There are 2 protein chains.
Amino acid sequence: MTTASTGEPRWLSDEEQSVWRAYLHATTLMEDHLDRQLQRDAGMPHIYYGLLVQLSQAPRRQKRMTELAKDAKITRSRLSHAVARLERSGWVRREDCPSDKRGQNAVLTDEGFEMLRRSAPGHVDAVRQAMFDRLTPEQVRSLGEIMQVVAAGLQPEGTDADLPWLR
Amino acid sequence: MTTASTGEPRWLSDEEQSVWRAYLHATTLMEDHLDRQLQRDAGMPHIYYGLLVQLSQAPRRQKRMTELAKDAKITRSRLSHAVARLERSGWVRREDCPSDKRGQNAVLTDEGFEMLRRSAPGHVDAVRQAMFDRLTPEQVRSLGEIMQVVAAGLQPEGTDADLPWLR
DNA sequence: GACCTTTTCTTGAAAGTTGAACTAGATAGA
DNA sequence: TCTATCTAGTTCAACTTTCAAGAAAAGGTC
């Protein structure tokens with residue numbers, strides 16, 4: 001169905017199927033968990049929160065739109081809408097980029113930073129409770145390795161390197 | 001911020017932060033990957049595909065709406081919309097439940113089953129390529145255990161057992 | 001400079017999701 | 001039976017995401 005596979009499809013083994021189901025199950029519940037927690041405590045979905053975190057860690061608490069989109073792994077279009085919303089909420093401000101007149105910088109406002117400071121403990125708590133408090137140090141290390149491998153494999157990386165990093 | 005935490009927030013260690021970033025990164029890319037693959041090859045998002053798979057494995061290729069929602073970990077509302085869409089596409093049909101006049105059964109149509117049969121190999125391929133072909137058997141086993149633990153921890157389970165499984 | 005291509009970001013419409021409100025049928029107690 | 005409550009599923013409005021254009025500036029190349 002994809003490329004160049006002529007023979008029998010290589011179905012998943014019983015164990016693989018079970019792991020795959022567990023993966024889907026866990027990641028779905030986790031995403032719901034975080035979305036609900038942040039919607040409740042910060043009034044925004046998880047992905048928006050992630051954008052603010054990115055900004056808070058950037059040099060002058062600001063980033064070019066494209067760079068932010070790239071780091072957050074979302075399309076520019078989606079980011080445009082998201083920043084518009086965050087701007088309406090007062091957490092982010094747009095500024096023209098001095099060096100490139102096409103460019104925009106998304107800047108975390110003081111209110112945004114303050115909101116982040118307030119909600120960070122609760123968020124860390126939720127993450128801990130859902131994941132790190134339940135895993136052995138051994139498992140945490142292993143999970144890290146596995147996720148690195150998977151992420152690397154899915155990265156648009158390498159050969160067609162000049163693609164816009166996503167589709 | 002959540003309940004009953006009086007002291008200092010327990011921030012994540014450097015390793016935990018790095019694992020958490022890798023987790024978010026990998027799961028985001030994976031979801032995008034599958035959504036794109038299935039949108040292309042089956043004309044629907046990953047979650048809709050999952051609904052059809054559930055139906056295909058159910059006794060008479062049908063399930064009560066609530067049960068389907070529960071198994072797929074989505075709200076009834078979302079399922080209503082999803083089934084309406086799948087009905088329009090011809091993959092699913094609704095039938096009144098004989099034993100409970102409030103109830104509806106979502107039934108996988110022959111066309112739906114056929115579509116599933118056609119797109120399954122490509123989907124398995126995508127999953128393999130993204131995950132199983134990159135991990136050692138050791139890692140696969142470990143991932144399974146970890147995801148089990150995380151999922152179990154997030155399950156609405158236990159104490160408030162009569163909650164509608166989600167919020 | 002004139003021309004073409006690329007990059008940056010936005011927009012608008014369609015599709016999907018959410019949470020609350022709502023209808024109809026089931027259930028249980030007096 | 002009458003009433004209150006619960007459950008199944010849908011619907012609406014607000015919001016988010018996607019996809020396909022599109023406007024504006026930047027970067028070649030001649």
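Quick caveat: nothing in here was measured; it's all calculated off a predicted structure. Each chain gets a letter, A, B and so on, in the order the sequences are listed, and its residues count up from 1.
Remark: the Gln129(A) side chain and the Asp125(A) side chain contain no N/O donor-acceptor pair separated by less than 3.5 Å. Judged by distance alone, the side chains of Thr27(B) and Thr27(A) never bring a donor and an acceptor atom under 3.5 Å apart.
Which of dA8(D), dT8(C), dT11(C) sits closest to the side chain of Arg76(B) comes down to dA8(D).
Going from atom CG of Leu79(B) over to atom P of dT11(D) covers 13 Å, rounded to whole Å. One atom, CG of Leu51(B), and another, C1' of dG16(C), lie 13 Å apart when rounded to the nearest Å. Atom P of nucleotide dT17(C) and atom CD1 of Ile74(B) are separated by 8 Å, given to the nearest angstrom. Here the C1' atom of nucleotide dG16(C) and the CZ atom of Arg36(B) are 18 Å apart, to the nearest Å. Rounded to whole Å, the distance from NE2 on His46(A) to P on dT17(C) is 19 Å. In this structure, the CG atom of Asp32(B) is 11 Å from the P atom of dT17(D), given to the nearest Å. Between Asn105(B) atom CG and dG9(D) atom C1' there is a gap of 12 Å when expressed in whole angstrom units. Arg40(B) has its CZ atom 16 Å from the P atom of dT18(D), to the nearest Å.
Arg93(A) places no side-chain N or O within 3.5 Å of a backbone atom of Asn105(A) that could act as its donor or acceptor partner. Panel note: side chain Glu87(A), backbone Arg94(A); a donor-acceptor pair is recorded below 3.5 Å.
A salt bridge is absent between Lys73(B) and Asp32(A); no separation between the charged side-chain nitrogens and carboxylate oxygens falls under 4.0 Å. The pair Lys70(A)-Glu67(A) does not count as a salt bridge, with every side-chain nitrogen at least 4.0 angstrom from each carboxylate oxygen.
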(request) Between protein and nucleotides 24-29 of chain D, map the contacts as a letter string: B base, S sugar-phosphate only, - none, heavy atoms under 4.0 Å, written 5' to 3'. (result) BBS---

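Seen from the ring of Tyr48(A), Arg85(A) does not count as a face-on cation partner, given the 6.0 Å and 45° thresholds.
Ile47(A) comes within 4.0 angstrom of sugar-phosphate atoms only, judged by non-hydrogen atoms across all strands, and of no base.
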(request) Could you give me the CA-CA distance, side-chain angles and deciding distance for Arg134(B) and Val150(A), then say whether side chain to side chain contact (heavy atoms under 4.5 Å, CB included) is met? (result) CA-CA 7 Å; Arg134(B) 302 184 183 273; Val150(A) 171; 5.9 Å; no

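Both Glu67(A) and His81(A) lie close to DNA chain C; mapped to their nearest nucleotides by heavy-atom distance, the more 5′-ward contact belongs to Glu67(A). A residue-by-residue look at Gln39(A) and Pro45(B) shows that Pro45(B) has its nearest nucleotide of DNA chain C further toward the 5' end. Closest-nucleotide positions on DNA chain D for Tyr48(A) and Gly103(B) were compared, and the one nearer the 5' end corresponds to Gly103(B).
At a non-hydrogen distance threshold of 4.0 Å, Arg85(A) from residues 83-95 of chain A come into contact with DNA chain D.
Checked against the 6.0 Å centroid criterion, the rings of His123(A) and His46(A) qualify as a close aromatic pair.
In this model, a side-chain donor or acceptor of Ser77(B) finds a partner on the base of dT11(D) within 3.5 Å.
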